[in-house]
Amino acid sequence: MANLHHLDTFFFGGEAEAEAEIRNDIFVEPGAIDDLLSFWRSRYKVLIAPKGVGKTILLSVLNESILEHDQISMLLTPRDLDCRDIFDKDAIADRISCAYRQLLLAAASHIGSLSKDIGVSDAVVNLQTLSVDRGLTRPDVISRVATFLTAVTPKGKDIAEAARGIQRLNNSVSILRKDVQAVLAQNKNKLWLLIDDIDLAAVDDGGKYDYSACWAIISAAMDLANDFSEVRCIISVRSDIWHVMTKVKRLGSERLDKIKKNIVPLSFEEEELRNMFIRRVELASRAAGAGAIDMGMFFTDRWLVLPGVQEERRPWDQWIAKNSRDKPRDMVQLVQSLIEEARRDRSEKIGGSHAHEIVLDYSKDLVGNISAEYQQICPQVEGVMKFVARKTLFSFEEIVELLKKSPSAQGIEVDGVRMKADDKISAIKLLAILHMANFMNPRVQNGARYDHLPFSNFPDFVSEDNWNEMQKAQWEIHPAFHAFVNDIKSNRRY
C-alpha cells in the first residue's frame with residue numbers, strides 16, 4: 001500500500017492549516033484572482049465563499065507572495081485581536097471604533113518592527129517604540145541605534161538624546177494614523193491587511209450567535225483601508241455568515257450598497273476541481289517515482305462503473321470533481337474516504353467497490369455539514385432536505401408544491417421567520433436555502449446540453465422577482481446527494 005501512502009500525502013486534511021507544507025505545490029489560482037487584486041475603485045475587497053472553498057489557502061498564498069515582493073503584509077484572524085473588548089462596547093459604532101484602534105495598533109507595531117532606519121524621525125521611532133511595547137521588537141533596539149548615532153556623527157549625541165526623548169510612546173489614534181502614513185510614504189511601501197476566519201469573533205449567547213463583533217472588525221478594516229492611500233485590504237467571510245450578518249441581523253445596512261461593488265465571490269467550476277485533482281495525483285505519482293501522472297499507481301481501473309441498471313462509466317477525475325460540490329475540501333475528504341476504504345479492504349489500489357461502499361456515508365456527511373453550517377439560517381434544513389428527497393429531478397412547479405407542504409410536516413424557520421404551510425412565498429424561501437447550500441440547483445437547456453446555475457454564480461436567481469426564469473428551469477438535487485436521496489426513499493414509509 002506504499003503508493004496509497006503517497007496519495008495520502010497530497011490529499012491530507014482538507015484544512016488549509018493541515019496542508020501548509022504542500023500549499024505552494026497544490027495551489028490552483030482561482031478565476032476570481034484578477035478581480036480580487038484590482039483596487040482601481042476601492043482599497044478593500046470582501047471575499048465571500050462557502051466553507052471549504054479555499055479562502056484560507058488563498059489568503060495564505062497571497063500573504064507569502066506579497067512578502068516575497070518586499071511589501072508589508074499582515075494575515076490576521078480574530079484570534080489576533082481582543083474580541084471580548086470589542087463586544088463589551090454598548091453601541092455598534094463604539095465596537096467599530098474599538099476594532100479600528102486594535103487593527104491600527106497591530107498595523108503600526110508591525111511596521112515599527114520592520115523599520116530598520118537609523119535616521120531619526122518622530123514617526124519611525126514612535127512605531128518602533130510601539131513594536132517594543134507590544135513585544136514585537138527587543139527593547140534594546142532603539143537604544144543601540146541611539147548609541148550608534150552618538151559614535152558616528154558629530155551631532156550624534158544631540159540626535160540620540162532627541163531619539164530617547166521621543167521614545168515615550170504616543171499611541172493615540174490620530175498620531176498613529178499620521179505616523180503610519182508617513183512611514184509608508186517615506187519607504188514607498190504598501191501595507192496589505194488580510195483578514196480571515198471572521199466568524200471566530202462571533203459570541204455564543206445561549207445557542208444564538210451575536211455577530212456584531214464580526215461586523216465591527218469588517219467595518220473597521222474597510223475604514224482603515226479608506227483612511228490610508230497605501231493600504232490594501234482583503235477580508236474573507238463565509239457566505240452563510242455574511243448572509244446572517246447582512247440579511248438576518250441587518251448589520252451594516254447603511255453601507256451595504258457601497259460594499260456590494262467590492263464583493264468578490266470565490267468559487268470553482270467542475271473543470272477546475274478536475275484540474276486540482278489531477279495536479280495532486282501528478283504530485284503523488286512523482287513522489288512515488290513516476291515521471292508523470294500515473295493513475296494506474298493508485299486506481300485499479302481508469303473508469304468507475306456507477307451502480308444502477310445502465311451501469312454508466314465515469315473517469316475517476318470526473319466522478320470525484322462532480323461529487324465535490326465545487327469545494328476543494330470536499331474533494332480532499334472524498335479521496336481520503338476512498339483511501340481509507342481501500343486500506344480497510346487491504347487493497348493496494350482504489351477500486352469501484354470502494355467508491356460504492358463509501359458514497360452513502362460521504363453523502364450523509366455532506367448533509368450533516370449543511371445542517372451544522374445553516375443552524376443560524378434554517379435550523380430545520382436537514383429535515384427539509386429529507387422531505388424533498390423523493391427523486392433527484394423536479395420541474396419548478398413540482399418542487400414548489402412539495403416545499404409548500406414541508407412546513408405542515410415540521411415547524412420551519414428561515415432567517416428567524418416561521419414558514420407557512422401552503423404558502424408560495426415560504427416555498428420560495430426554502431428553495432433559496434437549498435440553492436444557497438448547493439443541495440439543489442436549477443439547470444437550463446443550452447442546445448444539446450444543460451447548464452447548471454449554482455448559487456456561487458447566480459446568488460439572486462431564486463427570488464419572487466425572477467419567477468419566469470425559475471419556471472423555465474429544471475431543479476436537480478446535486479449528484480453528491482443522490483445516495484442520500486436513494487437511502488431516504490428506500491426507508492420512507494409514506
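Under the 3.5 Å distance criterion, the side-chain polar atoms of Arg95 are matched with a main-chain donor or acceptor of Phe87. Counting only distance, with no hydrogens or angles, the side chain of His69 and the backbone of Gln71 share no donor-acceptor pair below 3.5 Å. A donor-acceptor pair under 3.5 Å is absent between the side-chain atoms of His6 and the main chain of Ala284, judged by distance alone. Panel note: side chain Lys327, backbone Lys51; a donor-acceptor pair is recorded below 3.5 Å. For Ser109 (side chain) and Ala106 (main-chain N/O), a donor-acceptor pair under 3.5 Å exists by modelled atom type. Using a distance-only test at 3.5 Å, with no hydrogens or angles considered, no donor-acceptor pair links the side chain of Asp240 to the main chain of Tyr374. Not a single donor-acceptor pair under 3.5 Å links the side chain of Ser371 to the backbone N or O of Val367.
Ionic pairing of Lys89 and Asp85 is present here: one or more N-O contacts between side-chain nitrogen and carboxylate oxygen are shorter than 4.0 angstrom. Taking the charged nitrogens against the carboxylate oxygens, Asp227 and Arg177 do have a contact shorter than 4.0 Å, which makes a salt bridge. Of the charged side-chain nitrogens involved, none lies within less than 4.0 Å of a carboxylate oxygen, so that Arg274 and Glu270 do not count as a salt-bridged pair. A salt bridge links Glu64 and Arg23; the closest N-O separation between the charged side-chain nitrogens and carboxylate oxygens is under 4.0 Å. A salt bridge links Lys472 with Glu469: the closest approach of a Lys/Arg side-chain nitrogen to an acidic carboxylate oxygen falls below 4.0 angstrom. Note on Lys429 versus Asp423: no salt bridge recorded, every NZ/NE/NH1/NH2 to OD/OE distance being 4.0 Å or above.
If you check the side chains of Ser267 and Asp326, you find no donor sitting under 3.5 Å from an acceptor.
Rounded to the nearest 0.5 angstrom, Arg279 CZ and Met276 CE are separated by 9.5 Å. Residue Met245 holds its CE atom at 9.5 Å from CG of Leu256, rounded to the nearest 0.5 Å.
Across every non-hydrogen atom of Phe484 and Ser363, the tightest pair is CB-OG, 3.1 Å.
For the pair Arg280 and Phe11, the cation-pi criterion (under 6.0 Å, within 45° of the ring axis) is fulfilled.
The 12-atom threshold is exceeded at CG of Asn446, counting heavy atoms of other residues, nucleotides or ligands nearer than 6.0 Å.
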